[in-house]
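Comments concern the structure below.
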Protein chains: 2
Amino acid sequence: MEYELSSRKRAILKAVIDAYIESGEPVGSKALTQGQQFEISSATIRNEMADLEALGYLEQPHTSAGRIPTELGYRFYVDCLMQDYALSSGELAQLNAMLKAKTAELDKMLQNAGKIMANLTNYTAIAVKQQGGAGTVTRFSVTFIDEHDFLLVMVLDDRSAVTRFVRTETAIDENVTEALERTLNAFIAGKDLSLITLPYLMQVEKSLGSYGALISPIMKFIYEAVGSASEKDVHFDGVDKLLEYPEFTDSSKLKEVLGMIDRKSELVGLLSGGEEDVTICIGRENGVEALAGSSLVFKKIVVDGKVVGAVGVIGPCRMDYSKVVSAIRYLSGGIESAMTPVSDKRLAPPDAGKTGGNTTGGKDDP
Amino acid sequence: MEYELSSRKRAILKAVIDAYIESGEPVGSKALTQGQQFEISSATIRNEMADLEALGYLEQPHTSAGRIPTELGYRFYVDCLMQDYALSSGELAQLNAMLKAKTAELDKMLQNAGKIMANLTNYTAIAVKQQGGAGTVTRFSVTFIDEHDFLLVMVLDDRSAVTRFVRTETAIDENVTEALERTLNAFIAGKDLSLITLPYLMQVEKSLGSYGALISPIMKFIYEAVGSASEKDVHFDGVDKLLEYPEFTDSSKLKEVLGMIDRKSELVGLLSGGEEDVTICIGRENGVEALAGSSLVFKKIVVDGKVVGAVGVIGPCRMDYSKVVSAIRYLSGGIESAMTPVSDKRLAPPDAGKTGGNTTGGKDDP
DNA sequence: ATTAGCACTGTGCAAAGCCGAGTGCTAATT
DNA sequence: AATTAGCACTCGGCTTTGCACAGTGCTAAT
């Protein structure tokens with residue numbers, strides 16, 4: 001399919017899309033000749049553009065307007081035409097500043113990443129933590145609070161923890177919480193999350209017998225915690241940036257996107273389907289009607305072979321994909337390397353020394 | 001000031017504001033006579049409205065239009081004119097359904113509360129957790145993970161917990177974490193958060209001596225955790241509802257509000273200044289330029305004498321204050337009683353039986 | 001004090017007209 | 001065979017004009 005296109009057609013298509021991404025106005029044949037890049041006349045370009053339209057890469061909003069890219073056009077652009085965007089030194093400085101703030105806490109990192117992304121790209125940034133639900137439970141901790149309350153902490157092997165306050169009907173003491181902790185660790189710790197289903201939990205509950213009334217709500221909590229990522233793990237930044245693009249002055253479009261932003265769980269679902277590298281969903285490609293008209297560019301963050309989150313942006317289809325992709329790649333790479341446990345790194349340089357404790361690489365690309 | 005107004009003027013003012021809140025259109029003298037409530041002619045109403053305008057309660061968008069309320073007008077309305085809104089049984093059912101889901105977890109409750117509020121009122125809901133930073137540390141829990149990592153959990157007396165992964169340079173074992181837990185509980189647990197300052201922590205650190213390298217990062221973490229509420233504790237729901245109001249079709253207004261929604265910390269600041277009961281900020285009253293044009297209605301959530309969060313809505317000045325106030329009052333009351341520890345309640349009725357734990361009275365205004 | 005009547009005013013809307021950008025096609029050129 | 005100049009045509013966007021309408025303030029009558 002792509003090979004049908006002569007190199008001249010490709011050049012023209014690229015020029016049209018580049019211009020449209022920048023201006024937002026339909027691009028006419030004359031505009032292209034004025035840029036000094038083409039030696040041919042506007043009439044020739046018109047013919048080529050007519051061909052590109054017939055092939056489905058371009059379209060006209062109305063008869064007497066220039067051309068704008070179709071979704072297929074954008075797709076071809078991001079796959080074959082687009083050239084890498086070289087982040088400017090100022091942009092790199094921003095990104096590195098964020099990565100240097102070695103918080104080693106994924107939550108904080110993602111929060112900052114969102115802010116930087118929004119500022120840098122001028123689109124709405126999305127940062128999601130722990131979409132996977134894959135992984136195993138490292139261990140439980142049960143902390144006595146008072147005779148009717150204790151705190152249940154579930155530690156996962158992706159360096160995250162889920163906490164729950166549990167209120168009991170019957171009075172408890174520290175012995176109970178300790179016993180409970182031992183029990184949970186014995187029966188559930190080490191298990192893969194996908195194995196912790198409701199039936200399994202009920203089975204465990206039965207086989208225990210003692211602590212009767214105590215165990216039941218805990219099981220429910222565990223089940224809930226294991227379930228899909230809770231909404232609070234989705235962050236947005238720069239929602240107001242959307243308004244800067246004429247494609248969202250139509251308030252119905254905007255409403256759809258804002259609605260999507262509200263339905264965080266749905267978004268999490270979208271983000272969890274995606275490749276290893278940067279994923280680009282253009283318009284209807286993402287399969288959600290509310291996001292026709294919008295594009296979603298994101299990348300999963302993988303630490304130690306496990307998906308621990310994702311960062312991305314959402315904006316109009318007319319998006320500066322090149323810049324966005326560069327930024328996302330750089331940022332996610334930085335986060336990944338910052339999150340990689342010290343013990344893994346230690347294999348390379350025996351000791352990095354000085355700052356003591358919770359340090360982190362934070363890489364500087366040249 | 002208020003007493004200058006004859007009861008007829010008050011009635012007319014109320015009628016104008018009620019009508020305007022409902023329709024969003026400037027209200028003319030004739031429209032008021034058509035509602036069957038007034039026995040007087042439109043000319044008389046015109047005269048009265050002219051007076052009300054002179055007094056600053058009403059204004060005209062332009063010469064040949066009806067009147068709309070000024071901020072002063074709204075203020076007078078909410079203070080003296082507005083009558084209690086009786087929640088319909090359907091609405092009560094929604095609210096109760098949320099309150100019944102006895103999650104006893106403030107986080108989840110607030111999350112749900114936001115959803116319900118947004119749906120019920122049709123404005124954008126805000127839910128904030130733990131704005132105060134006041135409170136005391138109940139206890140610490142230190143959980144061993146592997147020889148270079150442990151999990152630090154700080155339990156606060158407002159039923160919240162903060163977790164941190166800590167990575168150590170020197171290898172540790174379960175004995176170390178246990179000792180650490182004892183130490184932290186001995187020195188810091190029970191303290192009021194406001195007492196846990198950096199100097200104090202450094203002093204503790206010194207007086208310990210042992211665990212040297214281990215303690216230092218922990219102190220830093222504790223200090224961070226104690227600090228101002230992190231952004232992730234602010235939730236929004238129904239952001240798209242804003243678009244349904246003509247006052248936000250002007251995208252610059254909308255941009256300002258969305259920007260505000262982005263700057264969560266600023267909002268938290270606003271919400272922390274407020275009275276015991278429902279606080280109503282109309283337009284410029286809130287002192288933030290970005291929210292001129294918008295109103296903020298919220299109420300702090302107080303458990304055990306401590307502020308643990310707040311719920312509210314943000315929308316145009318032309319807001320159905322009556323309904324919003326009722327909903328907020330009911331919901332916050334419900335949350336407060338759901339969050340009150342069992343032990344406190346037991347003082348009153350020895351046993352309420354069945355639903356166990358967290359039920360709510362909920363008042364019905366006639 | 002109230003009200004009927006009237007002149008006045010500014011908005012919103014629709015119709016009309018013009019401008020200009022951009023196209024497709026044809027015919028001439030290389 | 002590919003390119004280009006030229007031209008007629010189309011259609012959206014902008015401004016202008018005009019009109020209808022809603023609502024007012026004022027005056028004079030009750």
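Just so we're on the same page: letters track the sequence lines, and every chain starts at 1.
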Open item on the list: As a test of your reading of the structure, name each stem of DNA chain D as range with range, where a stem is three or more consecutive Watson-Crick or G-U pairs at under 3.5 Å.
Closed with: C:1-30 with D:1-30
Would you say that [X] contacts [Y] through its side chain, given a criterion of any heavy-atom pair below 4.5 Å between the two side chains?
{"X": "A/I40", "Y": "A/I45", "answer": "yes"}
{"X": "B/I314", "Y": "B/F236", "answer": "no"}
{"X": "B/L296", "Y": "B/L271", "answer": "yes"}

Just the rounded figure in Å: distance from [atom2] of [N] to [atom1] of [X].
{"X": "A/E48", "N": "D/dT3", "atom1": "CD", "atom2": "P", "answer": "7 Å"}
{"X": "A/H62", "N": "C/dG22", "atom1": "NE2", "atom2": "C1'", "answer": "8 Å"}
{"X": "A/E39", "N": "D/dT3", "atom1": "CD", "atom2": "P", "answer": "13 Å"}
{"X": "A/E25", "N": "C/dT23", "atom1": "CD", "atom2": "C1'", "answer": "17 Å"}
{"X": "A/L58", "N": "C/dG22", "atom1": "CG", "atom2": "C1'", "answer": "14 Å"}

Open item on the list: What's the closest nucleotide to the side chain of B/R8 if the choices are C/dT3, C/dT2, C/dG10?
Closed with: C/dT2
Open item on the list: Counting primed atoms plus P, OP1 and OP2 as sugar-phosphate and everything else as base, spell out the protein contacts along nucleotides 23-30 of chain D at 4.0 Å heavy-atom distance: B, S or - for each nucleotide, 5' to 3'.
Closed with: SBB-----
- [ ] Could you point out which residue of B/R67, B/R8, B/K9, B/R10 forms a salt bridge (Lys or Arg N to Asp or Glu O under 4.0 Å) with B/D51?
- [x] B/K9
Task: Salt bridge present between B/E275 and B/K299 (N-O < 4.0 angstrom) - done: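 Looking at B/E275 and B/K299, the cut-off is not met.
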Less than 3.5 Å apart, which donor and acceptor atoms pair up between the side chains of residues 25-33 of chain B and the rest of the protein, not counting sequence neighbours?
| residue | atom | partner | partner atom | Å |
| --- | --- | --- | --- | --- |
| B/S29 | OG | B/R46 | NH1 | 3.3 |
| B/T33 | OG1 | B/K30 | O | 2.6 |

Task: Atom pair CD/OG1 of A/Q60 and A/T70 - distance to nearest 0.5 Å - done: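 One finds 13.0 Å between CD of A/Q60 and OG1 of A/T70.
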Open item on the list: Quick check for you: to the nearest 0.5 Å, what is the distance between B/L267 atom CG and B/F298 atom CZ?
Closed with: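 That separation rounds to 10.0 Å.
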